[in-house]
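Let me begin by presenting the structure, written as structure tokens, before commenting on it.
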Amino acid sequence: MSQQSAMTRTVPRIVLPLTLLTTTLALVLPAQASLTRTFVSSAGSDANPCTITQPCATFAHAYSVTAASGIIAALDPGKYGSLTITGAITINGNGWAAITAPAAGNGITITAGGSDNVALIGLEIDGAGAGYNGVVLNSAGSLAVTNCTLQNFAYDGTHPTTGNGILMQPTTGTLAFTITNTTASNNGDVGILFLPPSGSPNANGVIDHVVADANQGGISVQPSFATGGSIVVTISDSIASNNSAAGIFVGSGPATLKVSIDNVSLSGNFEGIGAANPANVLLGRSVITGNTIGVKNNTSPSTFGSYGDNRINLNGTDVANNAMNTLTPQ
Amino acid sequence: MTRIVSHIVLPLTLLTATLAIALPAQASLTRTFVSAAGSDANPCTITQPCATFAHAYSLTAASGIIAALDPGKYGPLTITGAITINGNGWAAITAPAAGNGITINAGGSDNVALIGLEIDGAGAGYNGIVLNAAGSLTVTNCTLQNFVQNGSDGNTGNGIEMQPTTGTLAFTITNTTASNNGNVGIFFFPPSGSPTVTGVIDHVVADASQDGIVVFSTTGGSVVVTVSDSIASNNSQGGIFAGQGTATFKLSIDNVTISGNGTGIEARTPANVLLGRSVITGNATGVNNTTSPNTFYTYQDNRINLNGTDISGTALNTTFTSQ
């Protein structure tokens, strides 16, 4: 009731010339996140309302005028700047939108609510050898990354929170992530890294049709610093090759950790797959060849299971440390 | 919300002219742009894009990106350092007659990425991409076609030719088509030296050339290449040809379709071949194995039938089993 009274008071019925009215509104009204779908264009301006006929120039400004759970779409190729996301949003780059991360900075930072869904589609996010990370997720309910390229992020030589294509580091709640049809390459640390710094976050993750190559590490699920939580990740129909450390590394810490690796090709890495406690690994239908070490199984007692249909040959050492457990398809 | 916008009005032409004269060309831009409506007199920014990849490259910082704003032809290019060329699927390069589309002479740790380019020889150019030196090469979503071979010169008529002589190269070729080339679709062909290479070829179509995919080695070094989820068909000679030289040589062929070639797969010493889950049919010869000692391994789940001769030379080695 008081809100209604307030509104009544502040909307006087005065007729003004339209141009003057527009000017007045632009000066008086704060930016409102009321549009469901906003647009950016390389010909746009952040003085525009981010509509399709008057698009904006940057993702950051469009984000400020987009409603929760809304969509920002790129109308044409261009660079749309780095962005911090604090709520549910979809960014659809349509395959031609690019973000160059600032030097020592990140392309997209996500610090959203525990039930907020964030979707990133069709973006080329580049570190140009100077930016630190492509996508950094601190918190969200879900993250979808599809048809994206994340490359050329620089590792500072000390912190594993630099040099990553995608860094997910929630400390609480449950995160569902789905990364598909995406390439993460030439990053100084890891292509796709799940590395909670503390807490007991839960995560359910899907990595499918991903190419993680020519990084230090390809894909790492590392709850090393977490104090608990439950993590389930499936990696399928993907490639993790030509990385100077491990193609896929899973393990360490006290969390419950289950990882499925199915129909994945791992070659030319130092280690194809590295696994340590507490990882439970299911490995099937994968090709592991031409690595210095094919599989380095440090789980003890062994919780690394193989369905017996992997091709692990012509590595310097095919299977190192502990033997894999034999699992039977049914 | 209070904004102070100072309005300084200069004649735009005067301002532009002044800047153009005062500023030397600097390779300082992280991301540059080309457009079919662009001009190489422009600074290659998004609002003032350039016309050619070559000029944009000269203004782009190391590890930067050149992106194509619209469909067009952007000319051949020589790359000497780390760079990404993102054609967005609509940028084209027509190689000059008897020339190459993109030539790469980069440093040993430089990453080169080529994305979304149609590189065409138009029946007169010699090669689509020639890599002489780089740390890594990524080719994705590209088409390389219609390159011609000059007589029997193996350095001509190729979609992608990689010929490093030293150092370590990682290459990743994905979602790419190399077809209708007079010599080889994708060719690793070091002329000398002892290069080390780790390569990935995935979701590639290499068809209707003389050879689809050929991996050779030289007098030393190490070769590890995986070919997966790909097609090497309708080539007049080999679908996939591995061998030659004395390097440590490992080639994995997994889930590949190989049909309608002269020879589906030809392997010679020193190649170690791992073959699995592949279909090899309708070739004059399915597999020709002349490795000695026998290093052509099969996981015994390939479909090698209805070729003129299914297996020629030595029977495939069944030592390796899945685990």
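The chains referred to below are lettered A, B, ... by the order of the sequence lines, with proteins before strands, and numbering in each begins at 1.
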Is there a donor-acceptor contact under 3.5 Å from the side chain of A:Asn242 to the main chain of B:Ala170?
-> no
Heavy-atom distance under 4.5 Å to chain A: side chain of B:Ile46, backbone, both or neither?
-> side chain
Contact class of A:Glu124 relative to chain B, heavy atoms under 4.5 angstrom = both
So which heavy atom on A:Val319 is nearest to which on B:Gln323, and how close?
-> CG2-OE1, 3.9 Å
Worked verdict on A:Asp213 versus B:Thr172 for side-chain hydrogen bond (donor to acceptor under 3.5 Å, both in side chains) | CA-CA 8 Å; A:Asp213 72 306; B:Thr172 307; 2.4 Å; yes
Region of A:Asn313 that comes under 4.5 Å of a non-hydrogen atom in chain B | both
Identify the residues of residues 321-330 of chain A whose heavy atoms come closer than 4.5 Å to a heavy atom of chain B, ordered by number, or report 'none'.
-> A:Met324
Please identify each residue that fulfils salt bridge (Lys or Arg N to Asp or Glu O under 4.0 Å) with B:Asp254, with sequence neighbours left out.
-> B:Arg277
Heavy-atom distances under 4.5 Å only: say whether A:Ser42 touches chain B with side chain, backbone, both or neither.
-> both
With sequence neighbours excluded, what pairs up with A:Asp76 under the salt bridge (Lys or Arg N to Asp or Glu O under 4.0 Å) test?
-> none
Please name the pair of heavy atoms, one in A:Pro77 and one in B:Asn88, separated by the smallest distance, quoted to 0.1 Å.
-> CB-ND2, 4.0 Å
Interface moiety of B:Ala67 toward chain A, non-hydrogen atoms closer than 4.5 Å | neither
Heavy-atom proximity to chain A below 4.5 Å, by part of B:Ala82 = neither
What residues, two or more places apart in sequence or in another chain, satisfy salt bridge (Lys or Arg N to Asp or Glu O under 4.0 Å) together with B:Asp301?
-> A:Arg311
Side chain, backbone, both or neither of A:Ile312 within contact of chain B (heavy atoms, under 4.5 Å) | both
Considering only heavy atoms, which portion of B:Asn175 lies under 4.5 Å from any heavy atom of chain A: side chain, backbone, both, or neither?
-> neither
All heavy atoms of B:Ile65 vs all of A:Ala128, minimum pair found to be CD1-CB, 4.4 Å
With distance as the sole criterion, is a donor-acceptor pair present between the side chains of A:Asn186 and B:Ser136 under 3.5 Å?
-> yes
When the 4.5 angstrom heavy-atom criterion is applied to B:Ala62 and chain A, the contacting part is backbone
Using non-hydrogen atoms only, which part of A:Ser306 is less than 4.5 Å away from chain B: side chain, backbone, both, or neither?
-> side chain
Closest heavy-atom pair and its distance - B:Arg31, A:Asp126 | NH2-CB, 3.6 Å
